[in-house]
Colleague: 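I'd like to ask you about the structure that follows.
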Amino acid sequence: MTGHPPLRSDAVGLGLRRALLDPLRTASADAFDFLECAPENWIGVGGLLGEALETLSARHPLTCHGLSLSLGGCAPLDETFLGRVRRFLDRHRVPLYSEHLSYCSDDGQLYDLLPIPFTDEAVHHVAARIRQTQDILGRRIAVENVSYYAAPHQGMDEAAFINAVLAEADCDLLLDVNNIYVNAINHRYDASAFLAAMPGERIACIHVAGHFDEADDLKVDTHGAAVKDAVWSLLGEACRRFGPRPTLLERDFNFPPFAELLGELDTVRGILATNRDVRPRHAHA
C-alpha cells in the first residue's frame, strides 16, 4: 500500500489519544492536518477503538512516535516487534516514524525513557541500531532529542552527541523544543545555542508541549499542561532559523476542553505562517 505523501512544512498536528477520540472524529476537516500515535498502543487493537483508528487514519495522515524500541539499550532489537510496526506503518500509510534517542529496557521494560551516555562508543552503538531499524522497516526514521534529569557520563555535549548519531546513522531529527527548554533550565545551558547547533536539513518534524514548573531551576516534561510562553518563543526561534516544519502539539493527560487544544494549534499555525518565507540557515550559522 502506498504511503501518504510527506507532510507539508506548515502542517499542524495533534497526538491521537483515546480520551480525545470523540472530539477528533467530530472536528472539522481543517481543525488539524495530521495525527500522531504510539504504534505500541494501537497494534492489534480491534473493536470500537480499532474502527475509530481506521476512520481517523483514512481521513488524516497518521504519523507514529514509538515508545519502546530502546534504541540506546544493550539487548538485541526486537525484530518481531519491528515487523509488526512495519505492517502497521504500511497499513496506515504512515509518512513519518520516529523514536526517542534514549533507552527504556534492561532485561525487560523499564517504562521510562533514560538518557544515553554522550560518548563516541554510544554514538557507534546507537547509530548501528538505528540503521538496523531502518533496514527492517524499509524506511528512514527520525529520532527525538529527549528530556533527562540525571546526566550519565558526557564525553561530549548533548548537541554534539545528537549530531554525531544523526550523521553516522543517516537518519532524521524530530526536534522537541519543549525538551530543549526543559534541559536548558535543568542543566544550565543556552537553549538558543543548542538550537543553532541542530542540523536543520535533518529536521523532519517538531514537537511542542507543556511542562511542570517544579522550581525556577527545575522543569519536568509532563505533556500535561498548556504550552508555556518560553516554549512558544523557542518554537518561533526554530522556525526563524530553519523555516517552518510540520509541528505536533503533544498532550497526554489532564486534557482541557478540546477548543483550548485547537486554540494552541492556532498558535502553532500562526508561528509557522509568520515564518513561511524563511530561508533555512545551516547549523552553527
Colleague: Is the backbone of Tyr148 close enough, under 3.5 Å, to the side chain of His187 for a donor and an acceptor to pair up by distance?
Modeller: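 A pair under 3.5 Å: yes.
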
Colleague: Between the side chains of Thr133 and Glu99, is a donor N or O closer than 3.5 angstrom to an acceptor N or O?
Modeller: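 The criterion, which ignores hydrogens and geometry beyond distance, is not satisfied for Glu99 and Thr133.
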
Colleague: Spell out, as yes or no, whether a donor-acceptor pair under 3.5 Å connects the side chain of Asn183 to the backbone of Val146.
Modeller: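 The answer is yes, because a donor-acceptor pair under 3.5 Å joins these two groups.
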
Colleague: Look at the side chain of Asn179 and the backbone N and O of Asn145, then say whether any donor-acceptor pair between them is shorter than 3.5 Å.
Modeller: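 Pair found, side chain donor or acceptor close to backbone of Asn145.
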
Colleague: Is the closest basic N to carboxylate O distance between Asp170 and Arg131 below 4.0 Å?
Modeller: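 Salt bridge: no.
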
Colleague: Taking a hydrophobic cluster as the set of Ile, Leu, Val, Met, Phe, Trp and Tyr residues connected by side-chain heavy atoms closer than 4.5 Å, whether directly or through intermediates, do Val12 and Leu7 fall within one such cluster?
Modeller: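 Not linked; separate clusters.
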
Colleague: Shared ILVMFWY cluster between Leu195 and Ile203, side chains joined below 4.5 angstrom?
Modeller: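 Per the 4.5 Å side-chain linkage, Leu195 and Ile203 are co-clustered.
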
Colleague: Checking Asn163 side chain against Ala197 main chain: does a donor-acceptor pair fall under 3.5 Å?
Modeller: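 Present.
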
Colleague: Could you go through Leu82 and Leu69, starting from their C-alpha distance and side-chain angles, then the distance that decides it, and tell me whether this counts as side chain to side chain contact (heavy atoms under 4.5 Å, CB included)?
Modeller: CA-CA 8 Å; Leu82 279 169; Leu69 194 51; 3.7 Å; yes

Colleague: Check the pair Arg140 / Tyr97 against side chain to side chain contact (heavy atoms under 4.5 Å, CB included), numbers first and verdict last.
Modeller: CA-CA 8 Å; Arg140 190 180 184 91; Tyr97 173 73; over 6 Å; no

Colleague: Are Met198 and Phe242 close enough that some pair of their side-chain heavy atoms sits under 4.5 Å apart?
Modeller: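 Side-chain contact under 4.5 Å: yes.
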
Colleague: Would you call Asp22-Arg25 a salt bridge at under 4.0 Å N-O?
Modeller: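 Answer for the salt bridge query: yes.
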
Colleague: Taking Asn275 for its side chain and Ile271 for its backbone only, find out whether a donor-acceptor pair lies under 3.5 Å.
Modeller: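 Side chain of Asn275 to backbone of Ile271: a pair is present.
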
Colleague: Please examine the side chains of Pro244 and Ser9, heavy atoms only from C-beta on, and report whether any two atoms are closer than 4.5 Å.
Modeller: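 Yes, at least one pair of side-chain atoms sits under 4.5 Å.
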
Colleague: Taking all atoms of both residues into account, what is the closest heavy-atom pair of Ala142 and Leu174, and its distance?
Modeller: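 Result for this residue pair: CB-N, 3.9 Å.
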
Colleague: Do you know which two heavy atoms are closest between Ile141 and Leu137, and how far apart they sit?
Modeller: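 Distance-wise, the nearest heavy atoms are CG2-CD1, 4.0 Å.
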
Colleague: Quick one: which residue pairs count as a salt bridge (Lys or Arg N to Asp or Glu O under 4.0 Å) with a foot in residues 35-55, not counting sequence neighbours?
Modeller: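 Listed by first then second residue: Glu54-Arg91.
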
Colleague: Do you reckon Leu96 sits in the same ILVMFWY cluster as Val165, going by side-chain contacts under 4.5 Å, direct or chained?
Modeller: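 No; tracing contacts between hydrophobic side chains, which count when under 4.5 Å, never links both residues.
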
Colleague: Check for a donor-acceptor pair, side chain of Arg269 on one end and backbone N or O of Ala11 on the other, with a separation under 3.5 Å.
Modeller: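 Checked: no pair found.
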
Colleague: Spell out, as yes or no, whether a donor-acceptor pair under 3.5 Å connects the side chain of Asp176 to the backbone of Val208.
Modeller: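 No; judged by distance alone, with no hydrogens or angles, the pair does not exist.
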
Colleague: Would you call Asp10-Arg276 a salt bridge at under 4.0 Å N-O?
Modeller: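 The answer is no: the pair does not qualify as a salt bridge.
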
Colleague: Name the residue from Asp135, Leu71, Leu166, Leu77 that meets the side-chain contact (heavy atoms from CB on, under 4.5 Å) definition with Ile130.
Modeller: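 In the set Asp135, Leu71, Leu166, Leu77, the residue that makes a side-chain contact (heavy atoms from CB on, under 4.5 Å) with Ile130 is Leu71.
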
Colleague: Is Leu175 linked to Val278 within one hydrophobic cluster, defined over Ile, Leu, Val, Met, Phe, Trp and Tyr using a side-chain heavy-atom separation of less than 4.5 Å?
Modeller: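 No.
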
Colleague: Strictly distance-based, threshold 3.5 Å: is any side-chain N or O of Arg245 a donor or acceptor partner for the main-chain N or O of Gly200?
Modeller: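 Answer holds: yes.
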
Colleague: Only pairs at least two apart or in different chains count here, so list each ring pair (Phe, Tyr, Trp, His ring centres under 6.0 Å) that has a residue in residues 61-88.
Modeller: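 Of all non-adjacent pairs touching residues 61-88, those that pass ring pair (Phe, Tyr, Trp, His ring centres under 6.0 Å) are His65-His100, His65-His207, Phe88-His92.
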
Colleague: Between Asn254 and Gly224 (side chain of the first, backbone of the second, donor and acceptor by atom type, cut-off under 3.5 Å), is there such a pair?
Modeller: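 Yes, because the side chain of Asn254 sits within donor-acceptor range (under 3.5 Å) of the backbone of Gly224.
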
Colleague: Among Leu14, Ile206, Leu248, Thr247, exactly one meets side-chain contact (heavy atoms from CB on, under 4.5 Å) together with Val268. Which residue is that?
Modeller: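 The side-chain contact (heavy atoms from CB on, under 4.5 Å) with Val268 is passed solely by Thr247 among Leu14, Ile206, Leu248, Thr247.
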
Colleague: Okay, side chain of Arg251, backbone of Phe253: is any donor-acceptor separation there less than 3.5 Å?
Modeller: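 Checking the backbone N and O of Phe253 against the side chain of Arg251, a donor-acceptor pair under 3.5 Å is found.
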
Colleague: Would you call the rings of Phe32 and His60 parallel, tilted or perpendicular, taking 30° and 60° as the class edges?
Modeller: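 Because their plane-to-plane angle lies in the 30° to 60° range, the rings of Phe32 and His60 count as tilted.
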
Colleague: Is any side-chain heavy atom of Arg8 closer than 4.5 Å to a side-chain heavy atom of Pro246?
Modeller: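 The answer is no; the side chains never approach within 4.5 Å.
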
Colleague: Shared ILVMFWY cluster between Val143 and Val126, side chains joined below 4.5 angstrom?
Modeller: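 Linked within one cluster.
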
